[in-house]
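Below, chain A is the first sequence line, B the second, and so on; all start at residue 1.
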Amino acid sequence: MPQSGWFHEMAATNCTDYDFLKIEPHWQRIWEETKAFRAENGSSKPKYYVLDMFPYPSGAGLHIGHPEGYTATDIMARYKRARGFNVLHPIGWDAFGLPAEQHAVATGTHPASNTQNNITNFRRQIKALGFSYDWDREVDTTDPKYFRWTQWIFLQLFKKGLAYVDERPVWWCPALSTVLANEEVIDGKSERGNHPVERRNLRQWVLRITAYAEQLIDGLKDVDWPDSTKRMQEAWIGRSEGAEVLFKLENTALGDLKIFTTRPDTLFGCTYMVLAPEHPLVPGLTTAAQRETVDAYRKKTAAKSDVERMSEAAKEKSGVFTGSYAINPVNGARVPIWIADYVLMGYGTGAIMAVPAHDERDFEFAKQFGLKIKAVVGRTTPMVFDIVPQTSVPDHGLQNLVLNIADKQTPIWCYHNYCVSGEGIAVNSEFLDGLPTKEATSKMISWLEAKKLGTKRINYKLRDWLFSRQRYWGEPFPIVWISEADYRRAAALRQDLPAQPVAFAEQGVTLYALPLPEAALPLQLPEVQSYLPSGTGESPLANVPAWLEIWINCQTGEAVPASAPQPQGDAWVRGRRETNTMPQWAGSCWYYLRYLDPQNATALASGDALKYWDVPDLYVGGAEHAVLHLLYARFWHKVLFDLGVVPQSEPFRKLFHQGIILGEDGVKMSKSRGNVVNPDDIIRDYGADTLRLYLMFLGPLEAMKPWNPKGIEGVHRFLRKAWRECLTEEGAVNPRISDGGALTADAEKVLHETIKKVGEDIDAMRFNTAISQMMILVNTLQKEPVLPRQAVRDFLRLLAPFAPHVAEELWARVGGSGSVMTAGWPAYDAAKLVANTMTIVFQVNGKVRGDAVVPVSAVESDLVKLALDHPKVAPHLGGKPLKRSIYVKGKLINLLV
RNA sequence: GCCCGGGUGGCGGAAUGGUAGACGCUGGGGACUUAAAAUCCCCUUUCCGCAAGGAAGUGUGGGUUCGAGUCCCACCCCGGGCACCA
């Protein structure tokens with residue numbers, strides 16, 4: 001921090017009492033003018049990068065949950081600076097998004113203006129909390145200088161073949177006139193606005209995140225994240241190992257039917273097949289007699305919304321027979337082929353072999369439609385049947401087989417007409433008989449591979465990422481659609497096209513996706529007349545002909561409206577711009593990289609900056625982003641790593657989720673309940689320091705905890721008490737403070753304990769207990785006849801990360817010169833932590849009966865004697881002889897009689 | 001249904017297997033003051049007892065241990081996530 005002369009002059013206010021409304025803006029201004037929190041690229045100090053999830057600047061202003069996480073990271077940032085680190089602590093705005101656009105639709109004003117108003121308000125609120133952000137590094141995802149690089153990253157994905165277009169059924173929300181991603185649809189309603197949604201086919205951009213499924217699972221091993229979050233991502237990616245198996249069809253003209261199973265060892269137990277209703281083989285497999293039923297069922301399923309699919313009533317299995325049969329490759333058995341909506345087209349091959357004896361879903365279905373159940377997995381111990389209550393069939397199906405396993409004696413029990421899922425011993429399975437599930441599985445896979453009937457296969461639940469929105473307020477895709485002939489011409493002129501062109505056929509015409517050259521970025525949003533979606537599925541951008549329909553120079557990316565004459569030169573071709581825009585996730589996928597070098601005009605960040613700052617050492621944000629944001633950002637980071645843009649494969653080394661703050665009534669804060677706490681009100685009544693302190697004092701950072709308006713008084717009183725320890729009512733230095741003098745031994749011990757504990761607690765992010773300890777210290781100092789200035793200085797330095805304004809003020813007035821932030825972190829003296837007496841607890845048979853203060857030199861034999869004679873202990877011995885004593889050093893003596 | 005996290009005073013919460021309830025709030029009593037606010041001091045888990053003191057006590061039931069809020073087993077309740085993924 002600069003130590004200019006005027007800084008000294010202006011160092012403190014002259015408030016006589018704790019007037020936080022004067023003090024806090026005063027120090028905020030000084031910090032701002034001296035750029036006190038500027039992070040220096042390439043400094044020789046060790047670096048520390050602490051990141052907050054940047055906010056969406058909503059019209060409602062800052063929510064109390066924002067300052068909770070932001071205070072935690074600010075304490076870390078200030079603490080690390082005090083410990084000599086070069087700290088990067090940035091903030092920015094995730095400012096694209098639906099609400100700004102809805103506001104624009106309603107008012108006719110450009111979403112950018114509303115967005116900037118909201119940002120101005122958020123910035124004011126955040127600054128009022130005294131967070132030590134480096135404001136020179138502020139980013140805004142809607143700024144063309146920023147989204148230029150969002151578009152650039154998209155181009156890299158495109159060139160790598162990781163972006164493609166596909167017409168696919170997506171969630172169409174009539175109320176929002178937009179398509180929603182699966183994750184934005186909750187219980188058949190839009191996440192935002194709670195409007196009903198329906199299925200509709202549209203041309204979409206899709207990112208091939210599934211290509212990184214394996215790496216996304218692997219990378220979790222290397223990061224320090226909450227276990228629950230790792231598990232959630234793992235479950236979301238949903239890796240499962242198994243096999244693809246080819247079944248011949250009776251109608252050989254249709255080719256083979258490919259299915260995926262995790263249990264190839266149960267192949268002998270397959271008694272029917274099920275295809276997803278949308279499976280392409282269904283029309284061919286449907287016999288004339290079944291045609292009507294099948295068509296009706298397919299139609300019904302297609303119209304089904306997710307609400308119906310997920311409702312309890314729909315849990316009843318449904319399905320119809322196609323009339324056709326497949327041949328089981330292992331035994332030639334003829335098995336009927338059904339279609340049912342419990343098989344999903346989007347997973348595996350959209351077709352399964354059903355083994356009702358060992359899969360609960362197949363079992364349910366088989367019971368319902370009277371299909372055969374054949375047991376092929378047994379157990380070495382008979383089971384008690386009430387643990388399989390799904391069936392009403394009597395248990396006469398119990399069979400006891402003796403199989404050719406190692407001892408040739410062990411009976412294997414298997415159950416017909418029951419469902420026994422899980423592992424066991426293969427039975428009724430010819431060459432697998434007697435093998436435990438794992439071995440049977442690998443033997444079956446080898447058998448299938450040898451006969452070219454199947455292969456080992458890993459499947460993921462993770463789907464490719466639907467990456468386009470039919471909205472105005474998002475990053476436009478740097479893509480122009482051109483004809484095949486023009487694309488060939490472009491390919492001759494350009495080296496940066498993907499190996500496989502991205503093409504799309506619509507109304508008999510195939511168009512090719514031409515990426516803009518990187519030099520032509522950013523592609524900006526055009527001005528529009530109306531922000532209403534076109535309603536056809538295209539965004540409002542489709543309504544701007546001069547922007548949309550163009551002559552484009554496919555070499556340079558220059559464009560002129562198609563209404564103008566075609567410019568001279570071979571490179572100029574006719575094109576139509578992509579009208580989709582990117583989802584809000586795009587800008588937040590890489591913002592942590594832009595902070596490293598926010599002004600860079602030639603790269604998203606310089607190599608030096610990327611190397612120096614590395615990735616965030618700590619990332620704090622809500623658990624609601626456990627899957628989506630954190631998975632998408634990891635995906636992009638891994639792609640950038642593979643491209644050599646970033647030097648490491650994981651973006652967030654350590655992650656922490658702050659808990660939700662509930663309303664006073666113990667339920668989630670919401671406008672409708674009227675239990676929302678507005679940070680502005682708290683700052684006005686108590687000050688930012690009190691708010692910060694209280695947010696941290698509420699409980700463990702990760703816990704969900706209710707707001708208590710009474711509780712805030714407690715931490716406020718603590719700050720006032722600290723103020724009074726330093727200053728008199730007239731604002732002079734408290735006469736008890738002196739440069740000589742010493743604390744009493746007990747108080748000195750508390751001081752050093754506090755220095756130790758506050759440091760350890762900050763390191764472990766246990767801010768609540770750090771504050772408790774500081775309260776204990778102040779309560780102790782209050783009783784001291786003399787306060788050595790050094791002790792006060794130590795306390796103020798501990799307090800500074802938590803309550804920086806009051807710490808600065810008091811430091812300036814009693815602590816010393818300069819800023820408390822440049823005064824370093826106090827060190828504790830381990831020798832001062834050791835007392836010369838200790839309190840030993842006396843127990844009799846494990847029950848506490850008394851205690852005594854003894855010198856630390858006391859040994860066990862002395863203590864036992866002392867205990868036996870202790871007036872409160874003796875009566876409980878009942879005159880019985882001492883059997884044994886246990887001494888826990890420095891803590892207690894337990895006498896057993 | 002499956003996978004996590006959690007159940008401690010009137011409340012928020014503290015407790016490396018070693019005095020359960022630190023710290024704060026609330027409530028009660030007292031000091032200062034003409035009075036009030038602010039501040040300071042004392043008390044505040046429950047039950048029995050005038051007191052000294054005693055007993056019980058960390059969701060429930062078992063277990064391990066000299067000793068369990070903490071470790072193990074079973075169960076109940078609350079919160080979060082996933083949910084026909086073959």
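Summarising the geometry, the separation between CE on A/M775 and P on B/C23 is reported as 11 Å, rounded to the nearest angstrom. Rounded to whole Å, atom C1' of B/G5 lies 11 Å from atom CG of A/D227. Going from atom OH of A/Y694 over to atom P of B/G13 covers 10 Å, rounded to whole Å. Rounding to whole angstrom units, CD1 of residue A/I712 and P of B/G24 are separated by 16 Å. A/I661 has its CD1 atom 11 Å from the P atom of B/G13, to the nearest Å. Between A/W707 atom CH2 and B/G12 atom P there is a gap of 16 Å when expressed in whole angstrom units. If you take CG of A/L799 and C1' of B/C23, they are 16 Å apart, rounded to a whole angstrom. Rounded to an integer number of Å, the gap from A/I339 CD1 to B/C84 C1' is 16 Å.
Comparing B/G18, B/C84, B/G81 by their nearest atom to the side chain of A/Q843 picks out B/G18. Checked against B/C23, B/C82, B/G79, the side chain of A/F697 finds its nearest nucleotide in B/C23. The side chain of A/I886 lies closest to B/C66, out of B/G79, B/C66, B/U16. Closest to the side chain of A/T262, from the set B/A86, B/C23, B/U19, is B/A86. Among the nucleotides B/G12, B/A86, B/G67, the one closest to any side-chain atom of A/N894 is B/G67. Proximity note for A/I776 (side chain, C-beta onward) versus B/A22, B/G18, B/C84: the nearest is B/A22. Between B/C66, B/C84, B/A86, one nucleotide has an atom nearer to the side chain of A/R884 than all others, and that is B/C66. The side chain of A/L344 lies closest to B/A86, out of B/G18, B/A86, B/A14.
Residues A/F842 and A/H876 place their aromatic rings such that the two centres sit no closer than 6.0 Å. For an aromatic pair to be called close, the ring centres must be under 6.0 Å apart, and A/Y272 with A/F365 satisfies this.
Take the nearest nucleotide of RNA chain B for A/L698 and for A/V715: the residue whose nucleotide is more 5' is A/L698.
Annotation: B/A20 and B/U26 have their P atoms spaced 28 Å apart (nearest Å). Between B/G61 and B/U46, the two C1' atoms lie 22 Å apart (nearest whole Å). Taking atom P on both nucleotides, B/G5 is separated from B/C71 by 12 Å, rounded to a whole Å. Atom name C1', nucleotides B/C48 and B/G81: the rounded distance is 48 Å, in whole Å. With both ends at atom P, the span from B/G49 to B/C41 equals 33 Å, rounded to whole Å. The C1' atoms of B/A31 and B/A38 are separated by 14 Å, rounded to the nearest whole Å. Atom name P, nucleotides B/C72 and B/G18: the rounded distance is 15 Å, in whole Å. Rounded to whole Å, the separation between the P atoms of B/G57 and B/A52 comes to 23 Å.
Listed by residue number, A/N768, A/T769, A/S772 are the residues of residues 753-772 of chain A with a heavy-atom contact under 4.0 Å to RNA chain B.
Inspection of the A/D362 and A/Y342 side chains reveals an N or O donor paired with an N or O acceptor under 3.5 Å. Side-chain contact check for A/E753 and A/Y828: no donor-acceptor pair (N or O, by modelled atom type) lies under 3.5 Å.
A donor-acceptor contact shorter than 3.5 Å is absent between the side chain of A/T837 and the backbone of A/V853. Panel note: side chain A/N328, backbone A/F268; no donor-acceptor pair is recorded below 3.5 Å. When atom types are taken as modelled, the side chain of A/K721 and the backbone of A/N779 share no donor-acceptor pair closer than 3.5 angstrom.
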Under 4.0 Å protein heavy-atom contact, by nucleotide of nucleotides 27-55 of chain B - B base, S sugar-phosphate only = ------------SSS-----------SSS

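Put simply, A/Y347 has a side-chain N or O that comes within less than 4.0 Å of OP1 or OP2 on B/A86. Using a 4.0 Å cut-off, some side-chain N or O of A/S240 falls inside it from OP1 or OP2 of B/A86.
The pair A/R239-A/E214 meets the salt-bridge criterion, with a side-chain N (NZ, NE, NH1 or NH2) lying under 4.0 Å from an Asp/Glu carboxylate O. The pair A/E784-A/R736 does not count as a salt bridge, with every side-chain nitrogen at least 4.0 angstrom from each carboxylate oxygen.
The side-chain heavy atoms of A/P356 and A/T271, taken from C-beta on, include a pair separated by under 4.5 Å. With contacts defined as side-chain heavy-atom distances shorter than 4.5 Å, the pair A/V864/A/E860 qualifies.
Annotation: cation-pi geometry not satisfied between A/R634 and A/W236 (NZ/CZ under 6.0 angstrom from ring centroid, within 45° of ring axis).
Counting any heavy atom pair closer than 4.0 Å across all strands shown, A/V888 reaches a base atom.
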